[in-house]
Undergrad: 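One structure coming up, written as structure tokens, with questions to follow.
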Amino acid sequence: MKKSKLFLTLGLTLLLSLVLVACGGGSDSKSDDKKGSDSGKASGEQVLNLTESALIPSADSTKADDQVGLNVVNQTNEGLYALNKDGIPAIAGAAEEPKVSDDKTVYTIKLREDAKWSNGDPVTANDYVYSWRRAVDPNTAATYSYLFDAIKNGGDIVAGKKKPEELGIKAVDDYTLEVTLAKPTAYINSLFAFPTFFPLNEKFVTEKGEKYAQNSDNMLFNGPFALKDWTGTNKKWTYVKNDKYWDKDKVKLKQINVQVVQDSGTGLNLYNTDKVDRTVLSADYAAQNKNNKDYVTVNDSSTFYIKFNQKRAGKDTVFANKNIRKALALAIDKQSYTDTVLKNGSKPANNLVPEGFTFDPGNKEDYTKESGKHLEYDVKEAQKAWKAGLKELGVSEITVEFTSDDTENARKSSEFIQDQLQKNLDGLTVKLKNVPFKVRLQNDQNQDYDFSMSGWGPDYQDPSTFLDLFVTDGAQNRMSYSNKDYDKILNDASVTYAADDQKRWDEMVKAEKILLTDDVAVQPLYQRSTAYLQKDYIKNLQKNPFGPDYTYKETYLTK
């Protein structure tokens, strides 16, 4: 079974959300004529001041696996494709659309000959070959290496069965790339736009060795901006316009100043004193500022859910019991949660795959409509399952630890969930563990938690970007969940029906019922929206429907 998706339980670009999510997308809910639209020419000093929710864990395009790091890579580098303002992958590093073989597995791609690195070196086909081989090399331990399952031999290389040199990519000449897929892949252009598929300058990376991407002085860039003033641990950094970028004429911003702000009140104070141009609002501040002319909400395709870890430190947890998982999943009033805690337009989720994200290739029906609702709030059923679970375990009470981030919103969320569970399930004690972003990420990677708040935003526009998270032994599973029927369905969708869009889709619709209703592997909580105050002079702030949250390439100011 192929490796699964990274569970980027964290990371939000420009957000102080409840937890930091992997990747995400969406659009501003207010009219584009009011916020962020292309309504005029740039005027005034083109310096944008933003906040970020956490430190940068990694700015290495191969290793970045949270939304903060991915956002940095997305502003400073570029791959074969890039998302345009409509959320569609469009050629960027590629010079023209690829030539595709009749069986839809071989792509011949001409590269732009005017693309350069920030040190003046040309961006060549070998830069892609080196980068992709580095990503699939097991010694690199790239979290997103599973995405290369789409490329010939990618899965076997990640599993250590073949060598990186056997990956289905080769440089025909300096500016011609040949990519061979493992099978027809409907969303391949989305992958070509994802940061892990970006090129790397082999000579530079090799010379820097372990110092590469540890700070901005040890990095190269081929995108709209260059990263500056990042030491690797500091809470402030800067993007400056990259004059070596091939499309620099479209880049209007001279500089973007970023600072980490983890408290909504601090962010609001910075905004009101004109020190930042955009700030996320926590629930209380969102409610207080709804009538502010600068108030906007941003909808996106990210789902937040609770992960139940079935094995910790090599031993079964109480969540190895399905009834215990079911009891907790049904005992949380998700509508009350979004209404009273989040208060930012987010809506309850009864599916892992978000609403309005992906659609049946035949009848165009939303995935969530065809899958149906799962794990809706039901206290009676929760208590019934709870009693059954306690009896099966031979205990009368249980104490568990709930892990989440240490932001203001995360703490309030944790307290709500704690209250709901302890109120509705007699004999349950929930201890809260709120930790910094990097600590929580490490705990998840080590599977060192009982149950936790998690989030996922899509890397490409397909249900599999969510469903693949939980295949057996998947890189993002990290909770010891396994179901052979679930694995088979996703394998059939990926392999057997790869060239049949409708059959492939029908298989994926079956998968969510197994994951949620049959097994209660995770509990969807909400589909995210985020409330902001944003200066009305910010134009063309591009929100992406998948992958890194934002693109600033064509953003400009009209001060």
Side-chain angles (χ1 to χ4, degrees), residues 1-7 22-23 89 100 103-105 107 144-156 158-159 168 180-192 194 301 303 305 350-374 456-477 481-519 521-522 524 545-547:
M1 178 57 61
K2 70 179 184 177
K3 290 293 183 181
S4 179
K5 296 186 64 60
L6 163 71
F7 150 65
C23 316
V100 185
D103 66 357
K104 300 180 181 179
T105 62
Y107 284 60
Y144 273 119
S145 60
Y146 67 86
L147 290 177
F148 288 85
D149 282 7
I151 311 300
K152 182 179 178 180
N153 295 331
D156 285 341
V158 173
T180 303
L181 307 184
K183 57 185 179 298
T185 304
Y187 51 85
I188 191 63
N189 289 352
S190 299
L191 295 182
F192 288 161
F194 193 78
S301 302
T303 304
Y305 52 91
N350 297 305
N351 301 80
L352 178 65
V353 178
E355 182 180 345
F357 167 62
T358 187
F359 307 89
D360 189 311
N363 61 25
K364 308 305 178 185
E365 186 69 86
D366 192 298
Y367 180 93
T368 60
K369 295 287 183 63
E370 295 192 354
S371 174
K373 296 181 179 180
H374 306 277
W456 187 255
D459 300 326
Y460 49 88
Q461 194 173 21
D462 190 78
S464 64
T465 191
F466 287 91
L467 300 173
D468 283 358
L469 290 169
F470 302 110
V471 296
T472 299
D473 295 328
Q476 265 315 115
N477 189 313
Y481 168 70
S482 179
N483 184 303
K484 292 181 180 179
D485 292 335
Y486 185 79
D487 293 346
K488 183 180 186 303
I489 283 176
L490 291 181
N491 186 67
D492 285 347
S494 175
V495 179
T496 308
Y497 305 122
D500 189 327
D501 291 348
Q502 190 61 57
K503 285 187 177 181
R504 178 176 176 276
W505 175 272
D506 293 341
E507 289 299 297
M508 289 189 289
V509 170
K510 297 177 187 176
E512 197 175 56
K513 178 180 181 296
I514 294 175
L515 180 73
L516 302 181
T517 297
D518 294 352
D519 289 347
V522 297
F546 57 89

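Reckoned from all heavy atoms, side chains included, excluding hydrogens, waters and symmetry mates. Here the structure is a predicted model, which means the values were calculated and not measured.
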Undergrad: Using modelled atom types and a 3.5 Å cut-off, is there a donor and acceptor pairing between side-chain atoms of Gln461 and backbone atoms of Phe546?
TA: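 Not at all, since once roles are kept as given, no pair shorter than 3.5 Å links the two residues.
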Undergrad: Could you tell me which residues satisfy side chain to side chain contact (heavy atoms under 4.5 Å, CB included) with Asp519, sequence neighbours excluded, listed by chain and number?
TA: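 In terms of side chain to side chain contact (heavy atoms under 4.5 Å, CB included), with neighbours along the sequence ignored, Asp519 is linked to Tyr481, Asn483, Ile514.
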Undergrad: Just so I know, are the side chains of Tyr497 and Asp506 near enough to count as touching, which here means a heavy-atom distance under 4.5 Å?
TA: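 No, side chains not in contact.
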Undergrad: Tell me, which pairs form a salt bridge (Lys or Arg N to Asp or Glu O under 4.0 Å) where one or both residues lie in residues 490-501, sequence neighbours left out?
TA: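 Qualifying pairs, neighbours excluded: Lys488-Asp492.
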Undergrad: Restricting to salt bridge (Lys or Arg N to Asp or Glu O under 4.0 Å), what partner residues turn up for Asp366, sequence neighbours left out?
TA: none
Undergrad: Tyr367: what forms a ring-ring contact (aromatic ring centres under 6.0 Å, His included) with it, not counting sequence neighbours?
TA: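 Testing Tyr367 for ring-ring contact (aromatic ring centres under 6.0 Å, His included), a comparison that skips the adjacent residues, returns Trp505.
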Undergrad: Ignoring hydrogens, what is the shortest heavy-atom contact between His374 and Lys513? Give both atom names and the distance.
TA: CE1-CA, 3.6 Å
Undergrad: For Asp156, check side-chain hydrogen bond (donor to acceptor under 3.5 Å, both in side chains) against everything at least two apart and list the hits.
TA: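 Here no residue qualifies.
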Undergrad: Under the side-chain hydrogen bond (donor to acceptor under 3.5 Å, both in side chains) rule, collect the residues that match up with Thr358, sequence neighbours excluded.
TA: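 Thr358: no side-chain hydrogen bond (donor to acceptor under 3.5 Å, both in side chains) contacts found.
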Undergrad: Has the side chain of Gln502 got a donor or acceptor atom that lies under 3.5 Å from a matching backbone atom of Gly362?
TA: yes
Undergrad: Strictly distance-based, threshold 3.5 Å: is any side-chain N or O of Asn351 a donor or acceptor partner for the main-chain N or O of Val353?
TA: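 A pair under 3.5 Å: no.
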Undergrad: Restricting to side-chain hydrogen bond (donor to acceptor under 3.5 Å, both in side chains), what partner residues turn up for Thr105, sequence neighbours left out?
TA: Asp103
Undergrad: Could I get the full list of side chain to side chain contact (heavy atoms under 4.5 Å, CB included) partners for Ala493, not counting sequence neighbours?
TA: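 Side chain to side chain contact (heavy atoms under 4.5 Å, CB included) check on Ala493 returns Arg504, Glu507, Met508.
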Undergrad: Of the non-hydrogen atoms in Ala182 and Asp149, which two are nearest, and what is the gap between them?
TA: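 Shortest heavy-atom contact: CB-O, 3.5 Å.
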Undergrad: Who pairs with Tyr107 by ring-ring contact (aromatic ring centres under 6.0 Å, His included), at least two apart in sequence or on another chain?
TA: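 Checked Tyr107 against ring-ring contact (aromatic ring centres under 6.0 Å, His included); zero matches.
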Undergrad: Looking only at heavy atoms, which two atoms of Ser301 and Phe466 are closest? And how far apart?
TA: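 Minimum heavy-atom contact is O-CZ, 3.4 Å.
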Undergrad: Work out which heavy atom in Leu352 is nearest to a heavy atom in Leu515; give both atom names and the distance.
TA: CD2-CD2, 3.7 Å
Undergrad: Would you confirm whether the ring centroid of Tyr146 sits within less than 6.0 angstrom of the ring centroid of Tyr144?
TA: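 Between Tyr144 and Tyr146, the centre distance is under 6.0 Å.
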Undergrad: Mind checking what makes salt bridge (Lys or Arg N to Asp or Glu O under 4.0 Å) contact with Lys369, not counting sequence neighbours?
TA: none
Undergrad: Using modelled atom types and a 3.5 Å cut-off, is there a donor and acceptor pairing between side-chain atoms of Asn189 and backbone atoms of Pro89?
TA: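 A pair under 3.5 Å: no.
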Undergrad: Return the CG to NZ distance between Leu490 and Lys510, rounded to the nearest 0.5 Å.
TA: 11.5 Å
Undergrad: Output all residues satisfying side-chain hydrogen bond (donor to acceptor under 3.5 Å, both in side chains) with Lys373, sequence neighbours left out; order by chain, then residue number.
TA: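 side-chain hydrogen bond (donor to acceptor under 3.5 Å, both in side chains) list for Lys373, sorted by chain: empty.
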Undergrad: Decide side-chain hydrogen bond (donor to acceptor under 3.5 Å, both in side chains) for Glu355 and Thr368; before the verdict, give the C-alpha distance in whole Å, the side-chain angles of both, and the deciding distance to 0.1 Å.
TA: CA-CA 6 Å; Glu355 182 180 345; Thr368 60; 5.1 Å; no
Undergrad: Taking C-beta and beyond as the side chain, do Phe357 and Pro545 meet within less than 4.5 Å on heavy atoms?
TA: no
Undergrad: Under a 3.5 Å distance rule, please check whether Asn477 uses its side chain to pair with a backbone N or O of Val471 as donor and acceptor.
TA: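 The answer is yes, because a donor-acceptor pair under 3.5 Å joins these two groups.
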